[in-house]
Enquirer: 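Dumping the structure here so I can ask a few things about it.
The figures here come from the full heavy-atom set of this structure, side chains too, leaving out hydrogens, waters and symmetry mates.
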Amino acid sequence: MTTDAPVLLPALAAQAGAAAHPEAGGTPCACGSVPLADRPDATVVRHGAVVAKAHAPGTEPGGLALRLAAAARVPDVLLPPLATTPATVHDRLVTLWPYGAPVDPDDPDAAPWEAAGALLARLHRTALTGTLPPMRGPVRAAHAVGRLRTALSGTPHPAGPAVLRAWAALPAWARAEAPMPGPPALCHGDLHLGQLVRHPADGDWRLIDVDDLGSGVPAWDLARPAAWYACGLLPPDEWTRFLAAYREADGPAVPAGGDPWPALDVPARALTVQTAARALTKALAAGRPLDEVEQALVDACARMTPIPHQLVPGPPT
């Protein structure tokens with residue numbers, strides 16, 4: 001639980017309740033409120049058909065407003081917000097959303113890989129209009145590695161050097177140290193199955209979470225499933241379903257046929273390092289050994305060879 005949860009959770013519940021029952025004028029209802037997440041980077045509360053989300057401390061209001069407006073422009077891809085101007089509650093920016101049923105984590109065979117691929121393709125084909133912040137995927141990866149460096153400075157671990165070497169071998173743009181190569185596309189920035197929900201009106205899948213939405217390299221959005229597949233953590237048939245759906249919907253991140261890996265290699269490496277860094281940081285904090293999945297990620301970092309010159313894009317022109 002976050003340190004401000006005792007005051008933030010009831011405040012979010014009040015925000016969601018007022019939006020869910022505007023006709024009640026503040027009169028208490030019997031729906032009840034349910035916390036859906038309480039992390040340092042996000043606190044989320046559901047009340048009936050409405051979800052209130054407190055974004056990470058320090059979130060820039062102008063950038064969030066631009067991301068909300070972008071989501072509202074593609075309601076067939078992203079779950080649209082109930083308002084495009086965030087509120088401020090206890091020094092946190094708060095947004096309101098319709099509640100959508102998430103992917104069932106206990107039914108992996110029903111994972112909507114085809115829907116994820118098709119939604120990403122439509123998102124990447126959306127024209128970039130006006131000003132939009134950069135997609136934050138590389139920044140998220142850099143933050144994960146930074147936290148790992150801090151953890152290793154206090155508690156060295158034999159897995160640390162392999163993860164840090166793999167990170168250092170990435171091109172500067174993938175480490176958030178240089179502009180991303182172009183041409184840019186509208187990108188989600190943090191795609192995983194937890195970012196899909198069913199729209200309450202039509203039951204179709206939509207993407208959620210605009211915190212990392214922006215212009216950037218579309219292959220980044222395919223990188224997490226690509227990395228899982230490369231590490232042996234995602235079955236080949238599920239990867240094939242996802243990639244085929246993306247290609248069938250004319251997604252621009254990879255060629256329409258042939259080998260997709262020249263486009264995916266750098267982002268997939270970066271997501272592997274990011275995930276390994278997070279896993280190792282958590283293991284160090286808990287004082288426990290790496291589990292089988294975490295060790296597989298570290299082993300993948302250790303196997304990474306230097307990136308061929310042709311896979312290191314130059315600056316955007």
Side-chain angles (χ1 to χ4, degrees), residues 1-57 59 61 63-108 110-112 115-116 118-119 122-123 188-213:
M1 181 177 292
T2 56
T3 55
D4 54 359
V7 294
L8 186 58
L9 286 171
L12 289 179
Q15 290 273 323
H21 307 292
E23 74 289 346
T27 303
C29 71
C31 292
S33 299
V34 180
L36 301 181
D38 186 22
R39 308 185 306 270
D41 65 336
T43 301
V44 184
V45 174
R46 176 191 178 188
H47 184 102
V50 174
V51 169
K53 176 178 180 177
H55 297 259
T59 297
L64 179 57
L66 290 171
R67 291 180 166 105
L68 292 170
R73 288 196 296 269
V74 284
D76 61 329
V77 177
L78 289 157
L79 191 70
L82 298 182
T84 56
T85 301
T88 301
V89 178
H90 295 293
D91 297 323
R92 299 279 290 274
L93 293 180
V94 172
T95 53
L96 297 172
W97 307 83
Y99 173 77
V103 175
D104 184 355
D106 297 322
D107 188 8
L119 286 169
R122 295 212 299 272
L123 183 70
H188 183 274
D190 187 32
L191 189 280
H192 53 80
L193 289 180
Q195 306 286 33
L196 282 90
V197 300
R198 290 195 180 276
H199 194 288
D202 59 28
D204 290 338
W205 292 105
R206 299 291 196 282
L207 297 172
I208 61 170
D209 190 356
V210 300
D211 289 281
D212 303 300
L213 188 76

Enquirer: What are the two closest heavy atoms between Trp205 and Ala115, and how far apart are they?
Expert: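 Reported closest heavy-atom pair: CD1-CB, 3.6 Å.
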Enquirer: Is there side-chain contact between Leu8 and Val45, with heavy atoms separated by less than 4.5 Å?
Expert: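 No - every pair of side-chain heavy atoms lies 4.5 Å or more apart.
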Enquirer: Of all residues at least two apart in sequence or in a different chain, which pass the salt bridge (Lys or Arg N to Asp or Glu O under 4.0 Å) check with Asp104?
Expert: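 Salt bridge (Lys or Arg N to Asp or Glu O under 4.0 Å) list for Asp104, sorted by chain: empty.
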Enquirer: Extract all donor-acceptor atom pairs below 3.5 Å that involve side chains of residues 64-85 and protein atoms in other chains or at least two apart in sequence.
Expert:
from, atom 1, to, atom 2, distance (Å)
Arg67, NE, Leu213, O, 2.5
Arg67, NH2, Pro134, O, 3.1
Arg67, NH2, Leu213, O, 3.4

Enquirer: Looking at residues at least two apart in the chain, or sitting in another chain, which of them share a salt bridge (Lys or Arg N to Asp or Glu O under 4.0 Å) with Asp209?
Expert: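 Lys53.
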Enquirer: Ignoring hydrogens and angles, tell me if any N or O in the side chain of Arg46 forms a donor-acceptor pair with the backbone of Gly48 under 3.5 Å.
Expert: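 Yes; judged by distance alone, with no hydrogens or angles, the pair exists.
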Enquirer: Please list, chain by chain and in numerical order, all residues satisfying side-chain contact (heavy atoms from CB on, under 4.5 Å) with Ala56, sequence neighbours excluded.
Expert: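 Once residues adjacent in sequence are excluded, the partners of Ala56 under the side-chain contact (heavy atoms from CB on, under 4.5 Å) criterion are Asp41, Thr59.
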Enquirer: Would you say Thr43 and Arg92 make side-chain contact, with heavy atoms under 4.5 Å?
Expert: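 Sidechains of Arg92 and Thr43: in contact.
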Enquirer: Listed by chain and number, what are the side-chain contact (heavy atoms from CB on, under 4.5 Å) partners of Pro61, not counting sequence neighbours?
Expert: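 Pro61: side-chain contact (heavy atoms from CB on, under 4.5 Å) contacts with Leu93.
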Enquirer: Can you list every pair that meets salt bridge (Lys or Arg N to Asp or Glu O under 4.0 Å) and has a residue in residues 8-21, with sequence neighbours left out?
Expert: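 Non-adjacent pairs meeting salt bridge (Lys or Arg N to Asp or Glu O under 4.0 Å): zero.
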Enquirer: List for me each residue that meets salt bridge (Lys or Arg N to Asp or Glu O under 4.0 Å) alongside Asp202, sequence neighbours excluded, and say none if there are none.
Expert: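 If we apply the salt bridge (Lys or Arg N to Asp or Glu O under 4.0 Å) test to Asp202, skipping adjacent residues, the hits are Arg206.
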Enquirer: Output all residues satisfying ring pair (Phe, Tyr, Trp, His ring centres under 6.0 Å) with His47, sequence neighbours left out; order by chain, then residue number.
Expert: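 So His47 forms a ring pair (Phe, Tyr, Trp, His ring centres under 6.0 Å) with His21.
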Enquirer: Just wondering, do Leu119 and Leu196 contact through their side chains at under 4.5 Å, heavy atoms?
Expert: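 A side-chain contact exists here, since the closest heavy-atom pair is under 4.5 Å.
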Enquirer: Taking Gln15 for the side chain and Leu96 for the main chain, is one N or O donor matched with an acceptor at less than 3.5 Å?
Expert: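 No, the answer is negative, given that no donor and acceptor are paired below the 3.5 Å cut-off.
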Enquirer: Would a 4.5 Å heavy-atom cut-off, applied to side chains only, mark Asp211 and Asp190 as touching?
Expert: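 No, too far: nothing below the 4.5 Å cut-off.
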Enquirer: Which atom names give the shortest non-hydrogen contact between Gly194 and Ile208, and what distance separates them?
Expert: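 Heavy atoms only, the tightest pair is O-CD1, 3.9 Å.
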